[in-house]
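One is the number of the first residue; the rest follow in order along the sequence.
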Amino acid sequence: MKVILAKSAGFCYGVKRAVELALQTAAGETPSAMLGPVIHNTHVVEELERQGMVCLTGPEQVQPGTKVVIRSHGEAKATYDKVREAGAEILDATCPNVARIHRLVAEAGQAGRIPVIVGTRTHPEVVAIAGWSPRSVIVETAEELENWIKEEPNRKELPITMVSQTTSTRTSWESCREIAKKLCTNAEIFDTICNATHERQTEAQKLAATCDAMIVIGDKKSSNTRHLAELCRESCPLVLWIESAAELDAASLQQAQSIGITAGASTPGWIIKEVQNNMSEENIEIEKSFAEMLEESIKTLNTGDKVTGTVVGITPTEIQVELGTKHAGIIPTTELSDDPSAKVEDLVKIGDQIETYVMRVNDQEGIVTLSKKRLDSVKNWEDIESARENKTVVEAKITETNKGGVVTNLRGIRVFIPASQTGLPKNGDMESLVHTTVRLRITEVNRARRRVVGSIRAVQAEERAAKAAAVWAEIEPGKKYTGVVKSLTSYGAFVDIGGVDGMVHISALSWSRIKHPSEVVSVGDTVNVYVISADPEKKKISLGMKDPDENPWEVFINKYQVGDVANVRIVKLMTFGAFAEIVPGVDGLIHISQIADHRIEKPGDELAEGDRVDVKITDIDMEKKKVSLSIRALLQD
């Protein structure tokens, strides 16, 4: 037989908090009482009574000077008022999830809205919730909600605030929510089902689907446990709902090869352990004893303490943390992170271990307000100071510009980068950096003044130096690079080939005759270059852009020979003749004596730059790569 115990079986965070508060109160010298069973479990209530705590049935039984524990299901506002009027001290063990619903209902009533509560009408939790507004309406099913809305014509337009009993099933709640969204024009809907309850129910369903039998442990008065049993019966043929090991019918389980065990939120660990031991030879310690819980409940917390706990619940406004003490830990969502764009679900999940800072301790309500943001802030300052000392390069996104530079947010801390340290040229457009992620070094930290200064330029300079060293280590004539044109002069272009600038002389830019480098390239262009020569001592590199494979002279001699006729373009007039482009990159000379069949004073008498004329190739000097042309020879022919 295989016995599997659900991970989340037994006390939930709210119930455990309530029991620990009751234990601590019972151990004191002041007379104590609980207003109704502190949780839905007869065994726990009997144990508390043995320790001297009285169980009252109503506020009229409260005696002056008594410490009165409000049960985990909570009470109506009128009950709190009556207990105070009786002269007693209230110790509120209401589950923080339920207390939040009380606040939502009270605020809705004060705002003129109608609180609609989805849950079992007679359940103590629901009765208590409804007692926080005289306008409260209770519905148990989606059908009942729909009927209530349609009873009167104007109810569809009424402002309603809908909440749920924490132990309701997700299916029932979703059905009611859909009805409200469909029929109501002014509905405010809060999903108040306890995450721990939903997780327990989901886990039980999955376990029931894989087992031959399920044992559900919990008080028969517990709504939470009843829902567990109902969900298990949907997918498991044999489900036993018992309150203790004494009720276990072992004979009915003889044919089962696998048995799952789960328990309601109000079931103490020793009962689960007793059932577990009866089913298995393993003696597993599942839950702390009363004595152990009492010892832990005496632990105190102080403002400024660093504490570690487990995330047990997440709502739109707060994160609930189990600290292992009598206090319920609450992190307001505003105290979770400095990043305003961060989403709660991306930062924490139920079951996560989380380290926080204690902001405020409310012993009367048993609640500790925590902040992860403040603890992170302290750590972040330490990390930034460490980054400055160790000269660590960090990454951050530029968020804004100001008169003197740009600003980034590094782990919630503002970092100023002066204009001279942005890496941009003087008077450069700093707006272009906004929303970009940059690498920088922290150069100054003053925690007292909350001032941090950084430098992008320092990182760029180091990275450029490293790249330059790599280039010089492997550079050689003929090596090819892809570079970026950084600047132009009248005699050439400077190209960055990865941390080092080399110059491409105007004569090495193009095979064609050009008057200025801008005819071929512009600043910012990505170009392919090759090394003509490099001098590591003088740190000078001569580059070329002309592709040797596209040598115009080779093109010329493959196309023309002496005696051929070519149509050429006059590119320059001299006193002794005119130069003409035969093919791009190869010019020939038409001597003044060969321009016409008669004597002329100067080449400009017959030709102008840009003219296209037919010429005869009269000579080709292969060594000097010179070509002689003649118009006169054509005229004579």
Side-chain angles (χ1 to χ4, degrees), residues 7-8 11-21 72 74 91-107 163-164 166-167 190-200 265 296-297 299-383 409-413:
K7 293 179 181 178
S8 56
F11 280 177
C12 70
Y13 141 81
V15 167
K16 183 179 179 184
R17 170 180 169 272
V19 171
E20 289 177 344
L21 180 60
S72 61
L91 299 176
D92 199 346
T94 303
C95 171
N97 287 333
V98 178
R100 173 175 175 259
I101 304 175
H102 291 176
R103 292 195 297 272
L104 291 172
V105 169
E107 289 167 3
V163 296
S164 170
T166 58
T167 58
F190 293 93
D191 184 350
T192 54
I193 291 180
C194 174
N195 285 326
T197 299
H198 178 59
E199 182 182 4
R200 182 192 309 272
E296 282 197 347
S297 71
K299 291 180 183 177
T300 58
L301 294 174
N302 299 298
T303 300
D305 286 352
K306 292 181 183 179
V307 292
T308 300
T310 303
V311 176
V312 293
I314 299 174
T315 76
T317 58
E318 62 190 26
I319 294 87
Q320 297 151 4
V321 181
E322 169 60 61
L323 298 173
T325 70
K326 67 175 182 179
H327 300 93
I330 300 295
I331 307 174
T333 51
T334 54
E335 290 295 327
L336 189 61
S337 171
D338 262 319
D339 185 355
S341 63
K343 296 180 179 178
V344 173
E345 59 268 25
D346 295 334
L347 299 177
V348 291
K349 292 180 174 56
I350 290 176
D352 286 354
Q353 290 288 306
I354 188 168
E355 187 177 9
T356 60
Y357 170 91
V358 177
M359 291 172 55
R360 186 168 57 257
V361 180
N362 188 328
D363 285 318
Q364 185 171 353
E365 294 185 6
I367 294 176
V368 177
T369 304
L370 307 169
S371 174
K372 184 176 185 298
K373 181 171 71 174
R374 297 194 188 188
L375 183 63
D376 289 345
S377 178
V378 174
K379 289 183 176 180
N380 290 341
W381 276 103
E382 293 172 352
D383 290 344
N409 187 296
L410 186 61
R411 299 177 187 175
I413 297 172

Arg103 CZ to Thr317 OG1 distance, which is reported to the nearest 0.5 Å: 7.0 Å
Which atom of Thr197 lies closest to which atom of Thr167, heavy atoms considered: CG2-CA, 3.9 Å
Between CD on residue Gln320 and CD1 on residue Ile367, distance to nearest 0.5 Å: 9.5 Å
Check ion pair Glu335-Arg374 (N to O, under 4.0 angstrom): yes
Heavy-atom check, side chain of Pro96 versus side chain of Ile330, under 4.5 Å: yes
Contact summary for Leu323 and Gly309, nearest pair of heavy atoms: CD2-CA, 4.2 Å
Val19 side chain reached by Val15 side chain, heavy atoms, under 4.5 Å: yes
Rounded distance (nearest 0.5 Å) linking atom CD1 of Ile331 with atom CD1 of Ile314: 9.5 Å
Full working for side-chain contact (heavy atoms from CB on, under 4.5 Å) between Thr310 and Gln353: CA-CA 5 Å; Thr310 303; Gln353 290 288 306; 2.6 Å; yes
Any donor-acceptor N/O pair, Thr192 side chain to Ser164 backbone, under 3.5 Å: yes
Side-chain donor or acceptor of Asp92 paired with backbone N/O of Thr94 under 3.5 Å: yes
Lys349 NZ: over 12 foreign heavy atoms closer than 6.0 Å: yes
Gap between atom OG of Ser337 and atom NZ of Lys343 - 0.5 Å precision: 13.5 Å
Reported OG1-to-OH distance for the pair Thr303 and Tyr357, which is rounded to 0.5 angstrom: 7.0 Å
Residue pair Val358 / Leu370, side-chain heavy-atom distance below 4.5 Å: yes
Closest non-hydrogen atom pair between His102 and Gly74, with its separation: CE1-CA, 4.0 Å
Closest heavy-atom pair and its distance - Ile413, Ser377: CD1-O, 4.4 Å
Glu322 side, atom CD; Phe11 side, atom CZ - distance, nearest 0.5 Å: 11.5 Å
All side chain to side chain donor-acceptor pair (under 3.5 Å) counterparts of Lys373, not counting sequence neighbours: none
Note, Val348 side chain near Ile354 side chain (heavy atom, < 4.5 Å): yes
Residues Thr333 and Glu318: side-chain donor-acceptor under 3.5 angstrom: no
Shortest non-hydrogen contact from Arg200 toward Ser8: NH1-O, 2.6 Å
Whether Arg360 side chain and Thr369 backbone form a donor-acceptor pair below 3.5 Å: no
Minimum heavy-atom distance between Lys372 and Glu355, given as atom pair plus value: CG-O, 4.0 Å
